[in-house]
Amino acid sequence: MKTNDILSEKQKLILELLKRNNIDKLKDFINSIETPLYFLNSTNFDLLTLALSLNCSFDIIKLIYNRCNYKTLNYVVEDIYHLYDMSNHKDKTIVNYQNSLEVLMDSNNNVKSPLLVSLEFSDFQSVEFLINKGAVMYFKINGKYILEILREVNLLTMRKLNFLLKNGFSLKKFKIERFSNFEFKYIKMCLEIFVFDTNFIKYLLNLYKNKTGISKRKFNHIINNEINKIEIPMELYLKYLDRKDYRKVEYLYQYYGIEKTRSFKDFILFYLNYFDRNFNKKSFYDFFNFIINNETTLPFIKEYAIEENETIIINKKLKMVEPINNNTLKLEAFLKNNNYILHCLYSSKSEILNLINEHNVSLDVVDILRKYFLI
């Protein structure tokens with residue numbers, strides 16, 4: 001069904017005027033009709049949302065808002081039909097997103113609110129206007145927050161999130177758990193604005209200005225209280241630990257709380273064991289290598305990491321002995337499963353030759369050892 005088949009004559013006329021982005025013609029039309037302008041709105045035709053989608057001027061946006069007497073901006077419009085040329089739209093992301101003259105939005109994306117549309121089109125002037133008029137940033141559409149919808153359609157940007165944060169968006173109402181599928185940069189931006197925020201900085205500056213002295217204990221208490229404003233869900237730590245993205249684990253750790261260091265260490269070790277899917281200790285070895293080779297604030301000292309990896313290497317050497325003597329199939333399976341650490345077991349040709357002589361191995365075993373140790 002074409003758009004023109006479901007629109008009234010007056011809706012068709014105002015649609016054409018909005019496409020032309022001519023406020024004078026629009027005012028003439030509004031003055032010429034006998035019924036109030038908001039009578040043209042319906043469940044699938046909303047003038048404000050349509051004007052935002054058509055990238056109309058800000059004056060037109062304000063005119064429609066004022067003349068339609070919107071009691072709330074926290075509403076949705078179903079089956080929004082777009083009938084316009086996107087070629088001159090200022091946001092090229094949107095042009096690529098809806099690159100056609102007549103676009104019937106698919107059933108998964110056909111429910112919109114004014115704030116969502118203005119954010120999709122990066123119309124920050126209108127976004128600010130709508131928020132000031134009562135549009136709620138935490139308004140849900142089909143059970144999803146606007147921020148989540150933007151991410152799903154690849155229209156979320158750092159600029160948009162930063163704009164929302166500066167206009168009151170906060171982790172107090174948008175639980176950080178909902179960020180689990182977001183790119184890390186968005187998580188980081190929200191955390192850095194929420195924790196040690198402007199109010200906290202003003203408080204410290206006020207102490208300094210008034211020359212108010214505080215004890216080290218009280219200062220640490222203040223810092224811990226600020227950190228404890230947010231509780232990072234364990235799922236986020238696990239996500240980056242499993243990906244071996246240890247710098248992100250380290251970043252999140254600063255919000256864990258110094259007093260809970262021991263529990264954090266136990267948590268990390270438990271899940272390193274959980275992620276040891278091939279039962280070859282690779283998850284442990286990679287993590288401890290990170291600790292050994294990098295300066296990090298994670299609660300593991302280098303000496304501990306070195307000792308743990310040395311233990312892994314010793315145990316691997318011991319486990320190699322049995323298949324070397326008895327079973328070539330098991331030997332090859334062992335070497336394949338532990339290929340990541342073979343260079344640490346026997347790092348030189350002479351060490352491998354000594355191993356061969358010590359155990360008086362068969363020619364088949366020699367061939368396998370030559371294959372994996374490149375001798």
Side-chain angles (χ1 to χ4, degrees), residues 171 175-188 190-192 194-196 220-221 223-323 330 333-347:
L171 292 177
K175 299 300 182 184
I176 194 169
E177 288 87 343
R178 302 186 82 96
F179 273 109
S180 59
N181 293 321
F182 283 62
E183 288 182 66
F184 188 76
K185 61 183 180 180
Y186 299 120
I187 299 172
K188 185 177 179 183
C190 286
L191 283 171
E192 290 181 351
F194 182 65
V195 180
F196 303 118
N220 288 335
H221 180 71
I223 296 296
N224 283 331
N225 280 346
E226 188 67 17
I227 290 173
N228 289 332
K229 280 168 59 176
I230 189 77
E231 184 174 349
I232 306 295
M234 291 305 180
E235 291 76 11
L236 275 182
Y237 291 106
L238 297 181
K239 174 182 177 180
Y240 298 116
L241 186 64
D242 191 24
R243 294 179 180 177
K244 304 184 189 301
D245 201 340
Y246 305 126
R247 283 300 183 194
K248 291 185 175 64
V249 176
E250 177 187 43
Y251 177 84
L252 294 174
Y253 171 64
Q254 69 181 303
Y255 299 101
Y256 196 80
I258 299 172
E259 73 282 359
K260 297 183 287 186
T261 295
R262 180 62 197 173
S263 64
F264 184 81
K265 290 174 69 174
D266 292 340
F267 165 76
I268 292 293
L269 293 173
F270 177 85
Y271 277 98
L272 286 175
N273 186 63
Y274 177 80
F275 293 136
D276 188 19
R277 298 180 179 90
N278 294 319
F279 306 102
N280 61 1
K281 294 290 183 179
K282 188 175 189 303
S283 58
F284 288 92
Y285 184 81
D286 290 341
F287 178 76
F288 290 132
N289 252 355
F290 171 79
I291 300 297
I292 294 167
N293 296 316
N294 296 278
E295 294 299 323
T296 174
T297 57
L298 287 169
F300 295 87
I301 61 174
K302 290 184 186 293
E303 290 76 11
Y304 172 79
I306 292 169
E307 184 178 329
E308 288 296 308
N309 273 359
E310 286 179 348
T311 300
I312 291 173
I313 292 168
I314 291 170
N315 288 334
K316 295 293 182 186
K317 284 186 173 182
L318 292 174
K319 288 180 180 180
M320 254 185 77
V321 173
E322 183 184 350
K330 282 187 177 181
F334 174 87
L335 293 173
K336 185 176 181 180
N337 192 38
N338 293 280
N339 191 49
Y340 76 95
I341 203 173
L342 294 183
H343 66 287
C344 294
L345 302 186
Y346 299 97
S347 57

Here's a test for you: under side-chain contact (heavy atoms from CB on, under 4.5 Å), which of Y256, Y237, Y251 qualifies with I232? Y237

State, yes or no, whether a side-chain contact exists between L252 and F184 at a heavy-atom distance under 4.5 Å. yes

Distance under 6.0 Å and angle within 45° of ring axis: K319 vs F334: no

Validate the cation-pi geometry between K281 and Y285: distance from NZ or CZ to the six-membered ring centre under 6.0 Å, angle to the ring axis within 45°. no

Does atom CD (E322) have a neighbourhood of more than 12 heavy atoms from anything else shown, all under 6.0 Å? no

Looking at side-chain heavy atoms only, is the closest gap between N280 and K316 below 4.5 Å? yes

Checking the side chain of N337 only, and the main-chain atoms of N278 only, is there a donor and an acceptor separated by less than 3.5 Å? yes

Relative to each other, are the rings of F275 and Y271 parallel, tilted or perpendicular (30° and 60° limits)? tilted

Enclosure of K336 NZ (heavy-atom neighbours >12, cutoff 6.0 Å): no

If only side-chain N and O atoms count, and only distance matters, is there a donor-acceptor pair under 3.5 Å linking S180 with E235? no

Quick one: sort the F264 and Y253 rings into parallel, tilted or perpendicular, breaks at 30° and 60°. tilted

Taking the inter-plane angle between the rings of Y246 and F290 on a 0 to 90° scale, is it parallel (under 30°), tilted (30 to 60°) or perpendicular (over 60°)? tilted

Can you see whether Y346 has K317 sitting over its ring - NZ or CZ less than 6.0 Å from the centre and within 45° of the normal? yes

So, the side chain of T296 versus the backbone of I291: is there a donor-acceptor pair under 3.5 Å, distance only? no

Taking the side chain as every heavy atom from C-beta outward, state whether R277 and D242 have any pair of such atoms under 4.5 Å apart. yes

Contacts of R243 meeting salt bridge (charged side-chain N to carboxylate O under 4.0 Å, His left out) (sequence neighbours excluded), chain-then-number -> none

So do N294 and R247 actually touch side chain to side chain, heavy atoms under 4.5 Å? yes

